[in-house]
Number of protein chains: 2
Amino acid sequence: MSEQRPLRADARRNHEHIVATARAAFAELGPDVSLNVIAQRAGVGAGTLYRRFPNREVLVEAVYRDDISQLTDQAVELAERLPALEALERWVRDVLVPAQQRPGLATTLNTALATAPEVFSESKKRFSEAADRLVSAAQADGAVRHDVQTRDVLRMAAGLALASIDAPDACHRMLVVMFDGLRTP
Amino acid sequence: MSEQRPLRADARRNHEHIVATARAAFAELGPDVSLNVIAQRAGVGAGTLYRRFPNREVLVEAVYRDDISQLTDQAVELAERLPALEALERWVRDVLVPAQQRPGLATTLNTALATAPEVFSESKKRFSEAADRLVSAAQADGAVRHDVQTRDVLRMAAGLALASIDAPDACHRMLVVMFDGLRTP
DNA sequence: ACCTGAACACCGTTCAAGT
DNA sequence: ACCTGAACACCGTTCAAGT
């Protein structure tokens, strides 16, 4: 997709340093830190940051790429270890929902739901495919109804997580409702 | 709650004119129009706007107060006309979800879910009570499970609506899942 | 008692000038 | 080929000065 020409050594160093600085800044100052502040902390000019990361979303994605990979790995691991429906439920409850409640990560994940799969970055594609396998397996088992799509499940979890930040008990009840609703009627 | 001392005539005129201008500006320029632009369009100084509406949320609420009342009225009307569960489902599907997909209105509604009821404005209190009656009636009928709260239903609908703007078919499927899940097991 | 509007500190973004 | 950082147009918010 996007041509990855090799970068000059200093450019490459800058790139990585900006991402690391941004990760720290997001954690320390919240997900709305100004990009100028990040550039300043990273010791680069604002222009440098903007050439590598044309908008905030691109930077956010670079910061959370590793986290997305982790979510993916956990999906794979649960799928191997547990019956299909249990794996799906554990993944949504313990992995996906908590992830959606981390502000920066949620934004990144949700653009993955909104955009067409063709423009996904590699990490998001892997994520999306792992989620697909969880849902499809639960459907093949006959545990989950066939008139829902993987994206529906992801979207619902996302919405529900967003709507219940700082209300874990409400979150739990809504997940119960959701999973009862997902069962084959 | 908030002391409503009578305003001087010009202040009162300004207040209403700002709200009307803001409503038009939100509709025309989107929900992120700058407050300075609204002040300018309303022909008042920025300071005037900020004294009446100390932050954006207060202004947004003033703009959408009438809409919230309409949502409330429709809840009451459906409750009178239909069996409890149907009334609830119709209200969520045809009234609440579309409302949650209107950016400005959604913000206002959702603070109603997040904040404690004691600080609700009058219109939000009426809204919240009407929703409560719909859910309680459906529970009293035995149609809806008792281990969910009104706020859970509102939150779920909100999250789901937010997650499926511009995806009406996904929205429909998620609502099916939600209402199946809400049934008494 | 209320209003005005210039002023402040900040934001994202660009682009001439440097190495 | 890449970087710097001043500059631009804008934001929300404040507050002295006016009526």
Side-chain angles (χ1 to χ4, degrees), chain A residues 2-64 103-104 106-108 110-111, chain B residues 2-64 103-104 106-108 110-111:
Chain A
S2 58
E3 279 308 318
Q4 278 287 41
R5 295 192 297 90
L7 292 174
R8 223 170 61 177
D10 55 343
R12 163 154 211 74
R13 256 194 308 277
N14 271 337
H15 187 105
E16 283 162 12
H17 187 228
I18 289 171
V19 172
T21 307
R23 195 194 320 277
F26 286 152
E28 185 182 340
L29 283 335
D32 293 331
V33 231
S34 91
L35 300 187
N36 279 335
V37 166
I38 293 176
Q40 196 183 333
R41 286 193 164 208
V44 303
T48 303
L49 190 150
Y50 275 88
R51 200 164 356 83
R52 298 295 162 216
F53 309 95
N55 57 59
R56 183 183 210 90
E57 172 57 22
V58 173
L59 178 57
V60 169
E61 182 186 320
V63 165
Y64 289 107
T107 314
T108 322
N110 291 340
T111 59
Chain B
S2 57
E3 280 306 318
Q4 279 286 39
R5 296 191 299 89
L7 293 173
R8 221 170 62 176
D10 56 342
R12 162 151 211 78
R13 255 193 309 276
N14 272 336
H15 186 104
E16 283 162 10
H17 187 227
I18 290 170
V19 172
T21 306
R23 195 193 321 275
F26 286 152
E28 184 182 340
L29 283 335
D32 293 330
V33 230
S34 91
L35 300 187
N36 279 336
V37 166
I38 294 176
Q40 197 182 334
R41 285 192 165 210
V44 303
T48 303
L49 190 151
Y50 274 88
R51 199 163 357 83
R52 299 296 161 214
F53 308 96
N55 56 60
R56 183 184 211 88
E57 173 56 23
V58 173
L59 178 57
V60 169
E61 183 187 321
V63 165
Y64 290 105
T107 314
T108 323
N110 291 341
T111 60

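Just so it is clear: chains get the letters A, B, ... in the order the sequence lines come, proteins before strands, and each one is counted from 1.
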CG (A:L59) and CD1 (A:I38) are apart, to the nearest 0.5 Å, by 5.5 Å
Atom-pair distance (CD1 on A:I38; P on C:dC10), nearest Å
16 Å
A:E28/A:R41 under salt bridge (Lys or Arg N to Asp or Glu O under 4.0 Å): CA gap, chis, key distance, verdict
CA-CA 12 Å; A:E28 185 182 340; A:R41 286 193 164 208; 3.1 Å; yes
Send over the distance from B:Q40 CD to D:dC10 P, rounded to a whole Å.
11 Å
Specify the separation, in whole Å, of atom CG of A:L49 and atom C1' of C:dC11.
14 Å
Answer with base, sugar-phosphate or nothing: what part of the nucleic acid does A:R52 contact at a heavy-atom distance below 4.0 Å?
sugar-phosphate
Look at B:R51 and C:dC3 and indicate whether a side-chain polar atom (N or O) is within less than 4.0 Å of OP1 or OP2.
yes
When both hydrogen-bonding distances must be under 3.5 Å and the geometry is Watson-Crick or G-U wobble, what is D:dT19 paired with, if anything?
C:dA1
Among D:dC2, C:dC2, C:dT4, which nucleotide sits nearest the side chain of A:D10?
D:dC2
Base-pairing mate for C:dA6 - Watson-Crick or G-U, with both contacts under 3.5 Å
D:dT14
Parallel, tilted or perpendicular, judged at 30° and 60°: which one describes the rings of A:Y64 and A:F26?
parallel
Base, backbone or nothing for each nucleotide of nucleotides 12-19 of chain D, written B, S, -, heavy atoms under 4.0 angstrom, 5' to 3'?
BBBB----
Between D:dG5 (P) and A:N14 (CG): distance, integer Å:
12 Å
By salt bridge (charged side-chain N to carboxylate O under 4.0 Å, His left out), which residues pair with B:R56, not counting sequence neighbours?
none
Look only at the side chain of A:R23 and the backbone of A:V63, and say whether a donor-acceptor pair between them is shorter than 3.5 Å.
yes
Got a donor-acceptor contact below 3.5 angstrom from the A:T21 side chain to the A:H17 backbone?
yes
Using whole Å, report how far NE2 of B:H15 lies from P of C:dC3.
11 Å
